[in-house]
K.L.:
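The structure's right below; bear with me while I get my questions together.
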Protein chains: 2
Amino acid sequence: MPRVGIREVAALADVSMGTVSHFLNHPTRVSAEKAKRIQEAIEKLGFVRNNAGRQLRLGRSSTVAYIVPDVSNPFFATIAEGVERRAAQAGLSVFLANSGGDRAREDSYLALFEEQGVRGMLVASHDPIEDRLAAARTRGTPSVLVGRRANSAAQPSISIDDVSGGYLAARHLIEIGCRRIAFVGGPLGIQQIADRLQGASNAVRESGTAMLEIIDIEHRIISVGHKVGAELSGRPAEHRPDGIFAVNDLLGIGLVQTLVGNGVRVPEDIAVVGYDDIEYAENSLVPLTSVRPPHEDFGIAAVDLLLTVIGDAPLPAETQLVFAPDLVVRRSTTRG
Amino acid sequence: MPRVGIREVAALADVSMGTVSHFLNHPTRVSAEKAKRIQEAIEKLGFVRNNAGRQLRLGRSSTVAYIVPDVSNPFFATIAEGVERRAAQAGLSVFLANSGGDRAREDSYLALFEEQGVRGMLVASHDPIEDRLAAARTRGTPSVLVGRRANSAAQPSISIDDVSGGYLAARHLIEIGCRRIAFVGGPLGIQQIADRLQGASNAVRESGTAMLEIIDIEHRIISVGHKVGAELSGRPAEHRPDGIFAVNDLLGIGLVQTLVGNGVRVPEDIAVVGYDDIEYAENSLVPLTSVRPPHEDFGIAAVDLLLTVIGDAPLPAETQLVFAPDLVVRRSTTRG
DNA sequence: ATGAAAGCGCTAACAG
DNA sequence: CTGTTAGCGCTTTCAT
């Protein structure tokens with residue numbers, strides 16, 4: 001079958017190509033009668049507008065990209081919801097891409113989206129990536145760094161104040177009476193993790209009475225939480241922490257499971273605070289107190305920031321947005 | 001700045017546009033010297049190939065789409081891994097899209113990707129969608145239905161044999177001695193769910209001695225598992241099931257948590273089997289026995305099937321692929 | 001309200 | 001090995 005384009009539609013509807021195009025882009029400027037004929041022809045022929053031609057002519061697309069290290073991470077997935085909703089309102093479509101935390105894939109997606117001519121990119125990454133984004137920007141594709149504050153003033157970013165998050169978590173533990181606090185997290189080479197530790201450390205120092213033990217780990221997943229939990233359960237009670245700040249909820253969930261399974265009471269013997277407030281935190285064995293970033297608003301704000309950078313919205317003074325997290329208190333830190 | 005295209009590169013490198021294009025597409029056919037000049041010009045100017053022009057000229061793109069109801073669902077996320085890896089091998093890029101289970105968004109993505117001219121689409125959906133896919137197919141965009149066997153012979157699909165999965169789960173419970181089996185799942189309007197029940201029912205009937213109770217639910221999430229678990233714990237022991245087949249792992253995890261929390265022993269009093277074998281199943285309080293679809297291979301096979309449909313690979317006799325699930329036995333059904 | 005025509009950036013066929 | 005050129009499908013002036 002011959003590929004059906006605007007020309008075939010025009011022929012069948014007995015109008016010119018220009019009129020069909022008008023119908024597609026400014027429906028009001030076409031007489032009702034011809035509009036009807038065109039509509040029928042479109043349906044009869046199964047016409048689908050070719051975006052390549054359109055985009056080539058217009059010089060721009062109406063899509064943005066959202067690149068994440070791990071789509072299945074509820075943190076990014078929830079943000080994606082907000083991103084898509086807000087983008088749709090602005091008449092933009094979102095291409096999602098999963099880099100898997102892999103540098104090569106990240107680069108190849110960045111290149112792909114540049115070639116696609118996306119209007120802009122939202123990029124979450126654990127790697128140093130500002131140089132790539134700067135390069136893309138000079139070539140005409142702006143971006144917003146998501147989840148981490150940019151070093152360069154020229155790179156817009158939107159992030160959580162992790163120092164403040166860590167502080168909230170540790171101070172809460174101290175307030176409910178904990179004095180031997182363990183920080184479970186790593187690697188400290190990741191800025192967000194280091195910041196959370198910094199915040200916790202600030203709270204501990206400020207208290208004057210509490211102390212902080214650091215349990216450095218490689219992977220922030222449930223099974224590592226189990227491992228650390230087993231180690232802690234095995235210690236004599238007087239050498240155990242009485243409060244744990246787990247640097248994410250998966251760790252916290254694993255810790256709680258193993259501690260409770262080994263007869264350590266949570267929160268009576270050890271109180272536990274997580275981070276991210278993923279869905280599983282609320283629904284775990286002992287509902288987990290957690291530091292909650294503003295998920296929904298975050299995606300919306302990210303798109304808004306990107307729109308301003310693109311120039312579809314007025315330029316703000318500030319392009320480095322930092323959100324303050326909340327603390328959601330649940331049973332894992334509710335004593336008495 | 002004037003948008004830099006192949007023409008500007010050619011001018012700076014002092015060659016013709018055609019040579020630059022050759023360099024881009026058939027690097028071997030360009031003399032080393034000019035190749036070097038062109039490469040330098042590209043870097044100096046920050047040239048990015050415009051895909052719209054390329055695609056318009058070629059008449060096709062090198063991308064495929066993967067549309068899922070929920071990217072954060074580990075089931076789809078794991079498949080996405082395989083999809084991306086295989087697609088990359090075939091020189092294709094993958095656009096991921098999240099329909100959120102929403103009909104309107106699903107439709108809008110289908111339309112978007114058709115206009116984008118993707119080579120093909122992988123589509124997972126809970127809704128009846130074959131008519132849309134058939135329409136897209138007649139208009140030139142083929143697809144593979146993922147996760148559910150297609151009704152129409154013309155629609156390629158790749159799915160799990162859920163009847164067999166349900167059978168495996170129930171038979172296992174019977175084999176370890178369960179006689180009062182509860183099926184926790186719903187809505188039965190979803191084919192996959194109905195199939196799992198069918199399989200379980202087959203195993204029960206076959207046994208001749210066991211009986212099956214159906215607990216129909218609306219949402220297959222952890223908190224519903226908690227609710228059902230609470231209800232079951234409240235029953236007098238003689239009216240409780242001694243084995244539960246939870247139609248997905250989230251339900252199973254919630255059930256186990258609440259049962260154990262209420263003093264019902266798992267697996268001694270009630271054994272529990274889940275479905276999907278998500279990561280959390282292995283790492284839950286009582287590691288959960290689960291029916292495991294072949295995640296990794298699934299994504300790969302989906303892409304391979306799409307390639308054959310597109311015509312980049314030889315046509316197979318069969319375009320309705322069905323994978324058999326395994327049973328992964330863990331502590332939640334290990335008695336004695 | 002409608003039509004005619006130019007041209008967006010690129011590739012491949014062809015000529016040299 | 002390199003240059004010239006036509007044209008992919010579409011939108012948008014500019015006339016009418």
Side-chain angles (χ1 to χ4, degrees), chain A residues 1-39 41-42 45-63 111-112 114-118 139-141, chain B residues 1-39 41-42 45-62 111-112 114-119 139-141:
Chain A
M1 67 188 171
R3 185 82 180 117
V4 17
I6 214 176
R7 184 180 354 263
E8 285 69 35
V9 173
L12 182 57
D14 194 29
V15 297
S16 75
M17 283 174 53
T19 304
V20 175
S21 181
H22 275 136
F23 171 78
L24 258 21
N25 299 292
H26 314 281
T28 58
R29 294 186 203 160
V30 174
S31 72
E33 193 218 352
K34 301 211 171 179
K36 182 162 155 290
R37 292 219 306 268
I38 294 172
Q39 182 59 48
I42 286 178
L45 298 172
F47 165 75
V48 175
R49 184 213 251 133
N50 178 325
N51 179 71
R54 174 187 173 77
Q55 186 171 329
L56 181 57
R57 176 63 227 230
L58 290 178
R60 59 197 175 74
S61 73
S62 55
T63 55
L112 173 69
E114 271 197 78
E115 293 189 0
Q116 289 287 334
V118 297
R139 292 188 295 253
T141 306
Chain B
M1 67 188 173
R3 185 83 181 114
V4 16
I6 213 176
R7 184 180 354 264
E8 285 70 34
V9 173
L12 181 59
D14 195 28
V15 297
S16 75
M17 282 174 55
T19 305
V20 176
S21 180
H22 275 137
F23 171 78
L24 259 20
N25 299 293
H26 313 281
T28 56
R29 295 189 202 157
V30 175
S31 72
E33 192 217 352
K34 302 212 170 179
K36 182 161 155 292
R37 293 219 304 270
I38 294 172
Q39 181 59 48
I42 286 178
L45 296 172
F47 165 75
V48 175
R49 184 212 252 136
N50 178 327
N51 179 70
R54 173 185 174 77
Q55 186 172 328
L56 181 57
R57 175 63 226 229
L58 290 178
R60 57 196 176 75
S61 73
S62 55
L112 174 68
E114 271 197 78
E115 292 189 1
Q116 290 287 335
V118 298
R119 295 288 279 284
R139 291 188 295 254
T141 306

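Within every chain, numbering begins at 1; the chains are lettered A, B, ... in the order of the sequence lines, protein sequences first and strands thereafter. Fair warning: this is a prediction, and the values are worked out from it, not measured in the lab.
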K.L.:
In whole Å, I'd like the distance from the CE atom of B:Met17 to the P atom of C:dG9.
P.N.:
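Atom CE in B:Met17 sits about 10 Å away from atom P in C:dG9.
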K.L.:
To the nearest Å, give me how far apart CD (A:Gln116) and C1' (C:dG9) are.
P.N.:
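Checked: the CD to C1' distance equals 14 Å.
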K.L.:
To the nearest Å, how far apart are A:Arg57 CZ and D:dT12 P?
P.N.:
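It is 7 Å, rounded to the nearest whole Å.
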K.L.:
NA contact type, B:Gly18, heavy-atom cut-off 4.0 Å: base, sugar-phosphate, or nothing?
P.N.:
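Contact class for B:Gly18: base.
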K.L.:
Taking atom C1' of C:dG7 as reference, at what distance in whole Å does atom CZ of B:Arg7 sit?
P.N.:
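Answer to the nearest Å: 10 Å.
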K.L.:
How would you label the contact of A:Leu58 with the nucleic acid (heavy atoms, under 4.0 Å): base, sugar-phosphate, or nothing?
P.N.:
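The answer is sugar-phosphate, as A:Leu58 gets under 4.0 Å only of primed atoms, P, OP1 or OP2.
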K.L.:
Do B:Arg49 and B:Val9 come close enough that some side-chain heavy atom pair is under 4.5 Å?
P.N.:
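B:Arg49 does not reach B:Val9 side chain to side chain.
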K.L.:
Are B:Ile38 and B:His22 close enough that some pair of their side-chain heavy atoms sits under 4.5 Å apart?
P.N.:
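No - every pair of side-chain heavy atoms lies 4.5 Å or more apart.
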K.L.:
Could you check B:Val30 against B:Leu56 and say which one's nearest nucleotide on DNA chain D is further toward the 5' end?
P.N.:
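So the residue in question is B:Val30.
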K.L.:
Of all the choices, C:dG9, D:dT12, C:dA1, which nucleotide is nearest to the side chain of A:Ser31 once you look at every atom?
P.N.:
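Between C:dG9, D:dT12, C:dA1, the one nearest the side chain of A:Ser31 would be C:dA1.
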K.L.:
B:His22 has an atom NE2; how far is it from atom P of D:dG3, in whole Å?
P.N.:
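Between P of D:dG3 and NE2 of B:His22: 11 Å.
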K.L.:
Counting only N and O atoms by type, is there a donor-acceptor contact under 3.5 Å from the side chain of B:Glu115 to the main-chain atoms of B:Leu112?
P.N.:
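Not confirmed, B:Glu115 side chain does not pair with B:Leu112 backbone.
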K.L.:
Looking only at the side chain of A:Leu24 (C-beta and beyond, no hydrogens), which of the listed nucleotides C:dG3, D:dG3, D:dT11 gets closest?
P.N.:
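Among the listed nucleotides, the one closest to the side chain of A:Leu24 is D:dT11.
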K.L.:
Just wondering, do B:Val30 and B:Arg37 contact through their side chains at under 4.5 Å, heavy atoms?
P.N.:
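Not touching, per the 4.5 Å side-chain cut-off.
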K.L.:
If I take atom CG in residue B:Asn51 and atom C1' in nucleotide C:dC8, what distance separates them, rounded to the nearest angstrom?
P.N.:
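These atoms are roughly 14 Å apart.
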K.L.:
At less than 4.0 Å, is any side-chain N or O atom of B:His26 found next to OP1 or OP2 of C:dA12? Yes or no.
P.N.:
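For C:dA12, OP1 or OP2 has a side-chain N or O of B:His26 closer than 4.0 Å.
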K.L.:
Strictly below 4.0 Å: does A:Lys34 bring a side-chain N or O up to OP1 or OP2 of C:dT2?
P.N.:
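Looking at the OP1 and OP2 atoms of C:dT2, one of them is under 4.0 Å from a side-chain N or O of A:Lys34.
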K.L.:
Have a look at A:Ser21 and say if it touches a base, only the backbone sugar-phosphate, or nothing, with a 4.0 Å heavy-atom cut-off.
P.N.:
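Touches a base.
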K.L.:
Would you indicate which nucleotide in C:dT11, D:dG3, D:dC10 comes nearest to any side-chain atom of A:Ile6?
P.N.:
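So the side chain of A:Ile6 is nearest to D:dC10.
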K.L.:
Nearest whole Å is fine: how far is C:dT2 C1' from A:Arg37 CZ?
P.N.:
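Going from CZ in A:Arg37 over to C1' in C:dT2 covers 12 Å.
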K.L.:
Would you classify A:Asn25 as touching base, sugar-phosphate or nothing, given that sugar-phosphate means primed atoms plus P, OP1 and OP2, and contacts are heavy atoms under 4.0 Å?
P.N.:
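Touches sugar-phosphate only.
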K.L.:
Measure CZ/A:Phe23 against C1'/D:dG9 and give the value in whole Å, please.
P.N.:
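Distance, rounded to whole Å: 18 Å.
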K.L.:
Under 4.0 Å: is that the gap between some side-chain N or O of B:Thr19 and OP1 or OP2 of D:dG3?
P.N.:
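Yes, B:Thr19 has a side-chain N/O under 4.0 Å of OP1/OP2 on D:dG3.
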K.L.:
Could you check whether A:Phe47 gets within reach of a base, just the sugar-phosphate, or nothing at all, counting any heavy atom under 4.0 Å?
P.N.:
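Contact class for A:Phe47: sugar-phosphate only.
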K.L.:
Is the phosphate of D:dT11 approached by A:Arg54 (side-chain N or O, under 4.0 Å from OP1 or OP2)?
P.N.:
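Yes, A:Arg54 has a side-chain N/O under 4.0 Å of OP1/OP2 on D:dT11.
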K.L.:
Would you tell me if any nitrogen or oxygen in the side chain of B:Asn50 comes within less than 4.0 Å of OP1 or OP2 on C:dC10?
P.N.:
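No, B:Asn50 has no side-chain N/O under 4.0 Å of OP1/OP2 on C:dC10.
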K.L.:
Under a 3.5 Å distance rule, please check whether B:Gln55 uses its side chain to pair with a backbone N or O of A:Asn51 as donor and acceptor.
P.N.:
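Absent.
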K.L.:
Less than 4.5 Å apart, side chain to side chain, heavy atoms only: is that true for A:Phe47 and A:Leu24?
P.N.:
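Contact flag for A:Phe47/A:Leu24 side chains = yes.
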